[in-house]
Amino acid sequence: MSTPEQSPQDATPESIPAPTGIVVGIDGSDQSNCALIWAARQAKLRNLPLHLVTAYTVPIFAASGLDGGYATVDDDVIRQGAEAVLREAAAKVAHLEVAMDARVENGDAAGVLLELSESAQLLVFGSRGRGGFIGRLLGSVSSALPAHAKCPTVTVPLSCARRLGEGAPSDKPAPVIENVVTVGVDGSAHARYAVLLAAEQAERSGATLRIICAVKPYTGSLAWMPAPVDREALFTEIQQQLDAGEKWIRSHFPKLPIEVALIEGSAVEELVKASETSELVVLGTRGRGGFAGMMLGSTTDGVRHHAKGPIMVVRDREDPRQDDRSAFGPLLQA
C-alpha cells in the first residue's frame, strides 16, 4: 500500500517542492472529505501526485481584564491539530495507492492555494467548510478561487457524498450518474478552451462529451430591443456554429463520443440540472455573452453555487488547437 511521501509533521514550505499534480484543500469537514475523495480518484486516473493542504492563522483575542492587551492561541497546538487532520485525510485515501504529500501552511487559506495553483495541474476544494483549520477556504473565499487560480479548479459540493460513497445510509435511491462530461458553451473563445479541457477529461475517463448551449427564452425582459428578434433565424445561426464547433472538436478527438444540445432555457438551470447526473460539468470563467446570453461569467457562479455534482472552472489560455477552428465553419462575430 502506498503511503504519503512525507508526513504532515515534516510538511513545511521549505521541505516540500512546489506541487505539480492535484492540490486539494483539507479542513476535516464533510465537504472537504468529498473533495479529497474526488481529487484522489482523479490523481489515480491521471497518474499524478496528490497534494493535501491545510492552512491556518493564529487567532488573536483582545483581553478583557484590567491588564488590557492581546492574547494569542498557542501556535503549536493549532498546528498539531492541523497535522492530525492531514494524517486522517491521507489514511482515508491510502487504499488508492497514489503518491501523496501533505503540508500545513500558516497563512490565509485562499492565498496559500492561489500560490500553489501556479505550479499545480488542478485545484480541488469543497463548496463550504467548517471554518476550521483552513478557515475561510471552503466558505466565501472559495468563490474567488476559480476566477483567480492559475490552473483549473474543481468545486465538489457536499451533495456528491452519496455518489462518492461517503453519504450516510438512506432509503432514497442513489442518483444514477451517467458516464458523461458536460460542458457549457456560448460561442466565445473562453468556451472553446473549456471544451478542449472537457474533451480531455472525457477521453481519459472513457466518457461521452456533452456540449450544451442554452438560449434565454423570449420574455418581456427583452422588450427594450429595437427590433423583433427572429427566434428561428437565431436558432439556425447558433446551430450552424455549434455544428462547426462539433466538427472542429472531433478533428482533435476523433474517437471521442460527442453529443451537442441546443436548448431554449436558463443556462444556470440547465447546467445545474446536468450536474445531477454528469460525472463533471466544465465551464469557462467568463464569456462574451454571445449568442446564448450570459453563459459564462455570472452563469458560472450561479452553477457553482447550486450544483449537485463536481464543477470544473477553466480560466482562458491560449491553445494552438484553437488556431484551426475557423476552418470548420462560422464563428461568432464580434
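Excluded from the calculations below are hydrogen atoms, water molecules and symmetry mates; all remaining heavy atoms, backbone and side chain alike, are included. Note that the structure is predicted; figures quoted are calculated from it, not measured.
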Query raised in the report: To the nearest 0.5 Å, how far apart are CD in E276 and OG1 in T182?
Result: 11.5 Å
Query raised in the report: Atom CG of D301 and atom NE2 of H305: how far apart are they, to the nearest 0.5 Å?
Result: 5.0 Å
Requested in this report: Supply the atom-to-atom distance T208 OG1 to I258 CD1, rounded to the nearest 0.5 angstrom.
Outcome: 9.5 Å
Query - side-chain contact (heavy atoms from CB on, under 4.5 Å) partner of F125, the single match among V156, T153, V24 - result: T153
Query - No-hydrogen, no-angle side-chain donor-acceptor test under 3.5 Å, E279 and Q201 - result: no
**Report entry** Between CZ on residue R79 and CG on residue D76, distance to nearest 0.5 Å
**Finding:** 9.0 Å
Requested in this report: Could you verify whether a donor N or O on one side chain and an acceptor N or O on the other, from D243 and Q239, lie under 3.5 Å apart?
Outcome: yes
Query raised in the report: Shared ILVMFWY cluster between V154 and L45, side chains joined below 4.5 angstrom?
Result: no
Query raised in the report: Any ion pair linking E88 and K92 (charged N to carboxylate O, less than 4.0 Å)?
Result: no
**Report entry** Those residues that, when tested against H252, pass ring-ring contact (aromatic ring centres under 6.0 Å, His included) (two or more places apart)
**Finding:** W248
Query raised in the report: Are any of the side-chain heavy atoms of L331 and R192 separated by less than 4.5 Å?
Result: yes
Query raised in the report: Taking atom CG of D323 as the centre, does the number of heavy atoms from other residues, nucleotides or ligands within less than 6.0 Å exceed 12?
Result: yes
Query raised in the report: Among the clusters formed by ILVMFWY side chains lying less than 4.5 Å apart, do I249 and V180 turn up in the same one?
Result: no
Query raised in the report: Is it true that atom CD of E115 has more than 12 heavy atoms of other residues, nucleotides or ligands lying nearer than 6.0 Å?
Result: no
Query raised in the report: According to the salt bridge (Lys or Arg N to Asp or Glu O under 4.0 Å) rule, which pairs have a member within residues 202-214, sequence neighbours left out?
Result: E178-R210, R210-E259
Query raised in the report: Side chain of H190, backbone of R315: donor and acceptor closer than 3.5 Å?
Result: no
Query raised in the report: Just by modelled atom types, is the A102 backbone N or O under 3.5 Å from a matching donor or acceptor in the H51 side chain?
Result: no
Report summary line: Interatomic distance, OH@Y193 vs OG1@T285, rounded to 0.5 Å, equals 10.5 Å
Query raised in the report: So, are R103 and E83 salt-bridged, with charged N and O less than 4.0 Å apart?
Result: no
Query raised in the report: Taking atom CD1 of I311 and atom OG1 of T300, what is their separation to the nearest 0.5 Å?
Result: 9.5 Å
